[in-house]
Amino acid sequence: MGENIYKPVYSKDTKLVVSDLKVYFPIRRSFIDVLRGKPRLYVKAVDGVSFDVKEGEVFALAGESGCGKTTTGKSILRLNEITEGSIGYLPSKKIENVVKLPMVKKLSEHGHIDLYSIPDKYFKPFRQDIQMIWQDPFGSLNPRRTIFEILEEPLDIHGISSTKEERTEIIAKALEEVKLTPPEEFMWRYPHMLSGGQRQRVVISRALILKPSLVIADEPVSMLDVSIRAEILQLMMDLKKRLGLTYIFITHDLALARYISNRIAVMYLGKIVEMGDARKVVEDPYHPYTKALVEAIPEPDPQRRFIIKELPIKGEVPSPINVPSGCRFHPRCIALDKHPELAELCKTKEPPLIEVAPGRYVACWLYAKK
Amino acid sequence: MSMATGKSNSRISKIFGSIKTAFKEIWRQTPGKAALILLLVLVSMAVVAVVTITPEFLVKWESATYWEDNPVVVPPCWVNTLGFKTSKTTQVYFTQPSSTDVNGSIVKYTYTHTYVLDVNDLPKDLYVKGEMPLLCENGGFKIPAIMITVERPDGIIIHAWNVAVQPGSQNATCGSKLTVKTSKETFNLAEVINYLVEKYNITIPQEIVGTNETYVQSAMSILRTAIRTELENKYMSTLSLFVKPANYRITLSRDTKILEGYKNQITGLKNRIMNVEIDNQVFKDRIIQSLDRALNNISWIINNINTVTYSDYLTAMSYASAEIENANKLGLAAGLPEDIRSELQVLSSGIKKFIESATSTPSLIIPEITFETLQGSYRVEVAVAYYGISNPPQSLDANVGIIVKGGCHGILGTADKGIDIATVVLYGTPIALSIGFVTAVTSVFIGVIVGIISGYYGGLIDEIIQRIVDVIGNIPTLPILIIVGSVAQKTFTGEAKSLYIILTYIGVLVIFGWGGVSITVRAMTLSIKEEPYIEAAKALGASNTRIIFKHIFPQVLMYAAAVLVFNVPGAILTEAGLSVLGLRHGWPTWGSLLASARAENRFDVWWWILPPGIMISLTSLTFVLLGLAIERIVEPRLRTL
């Protein structure tokens with residue numbers, strides 16, 4: 001096979017490199033099962049994911065729920081243990097010299113370091129550099145604390161400015177940045193006194209108050225009213241431009257991903273099935289699964305309002321405990337029905353992520369054959 | 001360095017600031033306001049109690065001698081404003097004499113107090129007690145003579161007590177104090193009787209007593225004895241100071257049964273003598289005549305029973321007795337059979353005994369006398385005199401107390417042994433509050449900490465803690481408390497016994513009290529730690545400690561506050577319950593007051609059981625209201641916009 005199998009590259013402008021990331025969650029066995037000697041089972045939430053994110057890029061991780069995109073995002077923030085793989089990260093200038101510990105693993109000559117090689121107690125500075133915008137603006141704000149207290153917490157944790165006056169100034173500025181004006185009016189409110197859009201602005205503000213360089217946005221608008229989604233997205237894009245951020249945008253909405261991101265990686269059951277330029281992936285999907293996802297995007301055409309589309313996919317998402325052999329998509333693949341000659345290969349051998357066009361990768365035997 | 005202090009200062013001011021805000025928030029709510037006012041009252045009571053309590057009180061509060069001067073089981077004095085009429089209690093102690101009187105070598109120090117009795121309720125007791133110094137002159141001791149006089153509103157002045165104090169065998173020195181206390185045994189009751197008889201003109205009417213001087217005297221003596229018995233039994237001798245005769249009635253027994261008996265006996269004897277063969281007919285006739293005269297006398301009494309006087313009754317009886325004796329003497333000369341003569345003898349001495357008893361006991365003449373309270377001002381004067389003092393001191397270093405135990409006492413009345421309920425209720429406050437607080441705070445603290453650890457860290461720690469909680473939760477507390485309590489009562493000795501017993505109760509309550517809290521806190525922690533904002537905090541770099549104290553703890557705090565609130569009265573109630581069950585610890589608590597009421601079976605005495613009961617309820621109410629207010633602060637969602 002002469003194809004290029006995808007391998008993440010560490011280059012000067014790569015902010016983040018996720019390499020062969022695997023996250024398995026053990027399932028609790030009952031006492032009787034332990035006695036019977038039943039083997040421990042795992043939920044394979046992320047099962048060998050590799051991608052790289054360029055500096056200043058918006059990289060979208062797309063896929064349906066349960067495919068492991070959020071777990072991937074959390075793994076970058078070290079919010080859960082990973083089973084295998086490495087996450088290379090190019091620290092921004094302000095924390096560059098923080099980590100010069102001997103045990104930190106260097107991954108490239110450009111200064112990429114493995115986030116998981118840093119001991120827990122030295123990881124704190126990285127939290128300033130990598131932040132997360134949460135999906136749920138209702139749950140991710142502590143209802144017992146005022147907006148001021150919520151925004152003060154990151155400052156407090158990282159010991160940024162000690163006097164109340166300074167902090168009030170920082171917080172006011174942060175609120176102004178997300179257009180919650182006048183800030184004095186919002187500062188002393190509790191989350192339940194704000195609308196969903198306003199809360200999400202607070203969530204964004206909290207993520208940005210530490211001046212991060214990489215922001216992982218986990219479906220930041222999926223729980224908002226459609227009417228304010230555009231507003232929030234516009235705000236996020238403005239902030240990106242102004243602050244020079246890099247976004248990893250986790251979403252299940254391909255249309256949205258196309259609209260805001262530079263590149264898309266489509267995930268299915270813990271693996272990336274297709275990756276490439278956002279526009280190209282959505283407009284001309286290669287992988288049968290991506291095709292199905294694209295088909296599922298509702299068309300804003302009143303002529304077709306009564307037509308329920310037939311999607312090019314069958315069956316249900318299998319359990320991540322028992323991942324199908326070979327290509328994990330094969331039990332649902334319609335293309336497989338059209339190419340019975342591939343059946344043996346698809347069912348036994350897992351397709352690698354191969355380059356089918358410049359910067360365009362697909363994990364499907366259909367394209368590997370060419 | 002300066003940075004660090006600045007930071008710690010700001011932290012302290014922040015804590016104070018938040019406490020201040022919390023108080024303001026509580027004050028803003030109606031239940032909070034009520035709770036704070038009640039709490040302020042309770043706390044100030046506790047503070048006053050702690051400042052004024054003496055170790056002696058803790059030990060002696062249940063001994064009768066400690067409350068010697070208090071009347072026993074009397075209502076509070078404010079009941080008089082509700083229309084009850086009770087006499088006042090007066091406990092005056094003098095350190096300075098009211099007047100000093102020097103007359104030659106005799107010096108007399110006088111202490112006077114006027115007691116006003118303006119209701120019909122008789123005081124319970126009156127006595128004088130004091131400590132007088134032993135004075136010295138030329139190396140010889142001068143012993144004080146104490147005279148206590150009471151001037152009654154009716155003008156009678158009674159020298160109630162004359163006490164000569166003896167220094168005793170102990171090594172007395174100049175100035176050493178001699179203790180004096182008057183008692184009803186040394187009370188001069190005879191004088192009271194004399195004055196009462198004289199002043200109120202208590203006499204026996206002539207139509208009852210007749211004119212025989214001897215019998216009039218004996219009737220009077222019977223009357224006095226009756227007065228004395230009445231005053232001794234009903235008025236404890238001493239209280240006769242406060243009474244005057246209300247009614248008296250002297251009746252002569254108009255019962256002829258005994259007389260008929262004598263008459264039949266004499267008639268029988270006469271018939272038997274008439275049938276006896278006697279040589280000397282003259283003697284026989286004279287015997288018969290004597291018996292006839294005796295019969296006549298007795299018959300006369302019977303015939304005039306409704307009009308006969310005491311004197312005539314007894315005169316006739318003594319004539320009859322004399323005639324029978326005469327007959328007996330003649331019988332001896334005439335040779336009457338032995339059995340008849342001995343019967344004559346018995347009969348005559350029987351009548352003599354009847355007369356004797358009628359002149360010394362209220363058998364024939366029956367006086368009935370009742371007394372009533374004499375209202376007005378009583379001037380009690382205690383005179384302490386020393387004889388043979390050439391250079392008497394102007395003021396005596398003595399301590400004289402005049403105590404009148406009335407029908408009411410203090411603001412909350414007294415219990416048995418004269419225990420002042422108000423004092424015990426006051427001193428019970430800090431003890432109750434500490435028992436409640438220490439138990440509640442300790443068990444809730446342990447419960448919250450253990451619950452959070454169990455829920456937050458999970459795994460093996462969680463498993464072990466929860467199994468321990470299961471075991472503790474399934475052991476009934478009350479039987480354990482009773483067993484541990486009675487063991488503690490036997491085990492601990494010495495001065496700190498009570499403290500140790502109470503600490504044991506608290507310990508048991510804490511051991512069995514934290515489990516429930518920890519189960520709930522664990523459940524709350526399990527749900528809180530899965531909240532997205534906890535994950536967000538972790539993403540921000542928050543440590544476990546920070547998450548526990550800043551995110552989980554404040555939310556558990558609401559529940560903790562509520563449990564604390566319910567545990568405070570719970571512990572106080574448990575202590576009271578154990579006291580009532582008989583597991584006393586010996587400290588003056590509200591529970592022990594209730595316990596003594598139960599022990600004396602006096603649940604009808606409202607002023608004994610209501611004050612401690614109300615205090616327990618008020619304390620509970622305070623903490624429930626406080627809990628309501630605190631709940632609103634720690635749970636902002638309860639607040640309106």
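Quick note on labels: first sequence line is chain A, next is B, and so on, each numbered from 1. Keep in mind that the numbers below use all heavy atoms, side chains included, and drop hydrogens, waters and symmetry copies.
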Quick check: closest heavy atoms across [X] and [Y], and the distance to 0.1 Å?
X	Y	answer
A/Gly139	B/Tyr533	O-CD2, 2.9 Å
B/Ala536	A/Ser140	CB-O, 4.1 Å
B/Leu540	A/Ile157	O-CG2, 3.8 Å

Atom [atom1] of residue position [X] - does it have more than 12 heavy atoms of other residues, nucleotides or ligands inside 6.0 Å?
X	atom1	result
A/Leu35	CG	yes
A/Glu169	CD	no
B/Phe445	CZ	no

With a 4.5 angstrom heavy-atom cut-off, is it the side chain or the backbone of A/Asn142 that approaches chain B, or both, or neither?
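It is both, since atoms from each part get that close.
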What part of A/Leu141 lies closer than 4.5 angstrom to a heavy atom of chain B: side chain, backbone, both or neither?
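Looking at A/Leu141, just its backbone touches chain B.
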Select all residues of residues 29-46 of chain B having any heavy atom within less than 4.5 Å of some heavy atom of chain A, and report them by number, or 'none'.
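If one takes a 4.5 Å heavy-atom cut-off, no residue of residues 29-46 of chain B lies near chain A.
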Chain A-proximal positions within residues 512-528 of chain B [heavy-atom distance under 4.5 Å]:
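The stretch does not come within 4.5 Å of chain A.
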If a pair satisfies side-chain hydrogen bond (donor to acceptor under 3.5 Å, both in side chains) and one of its residues is in residues 470-479 of chain B, list it, with sequence neighbours excluded.
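The answer is B/Arg467-B/Asp470.
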Does A/Leu79 have any side-chain contact (heavy atoms from CB on, under 4.5 Å) partners at least two apart in sequence or in another chain, and if so, which?
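Result, side-chain contact (heavy atoms from CB on, under 4.5 Å) vs A/Leu79: A/Lys74, A/Leu77, A/Arg127, A/Trp134, B/Glu535, B/Lys538, B/Ala539.
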Looking at chain B, which one of A/Met132, A/Glu153, A/Arg206, A/Gln128 has the largest number of heavy-atom pairs inside 4.5 Å, strictly under?
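Highest number of pairs under 4.5 Å: A/Glu153.
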Closer than 3.5 angstrom, by distance alone: can the side chain of A/His158 be matched with the main-chain N or O of B/Gly541 as a donor-acceptor pair?
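No, the answer is negative, given that no donor and acceptor are paired below the 3.5 Å cut-off.
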When you compare the side chain of A/Arg145 with that of B/His551, does any pair of heavy atoms fall below 4.5 Å?
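Yes. Closest side-chain heavy atoms under 4.5 Å.
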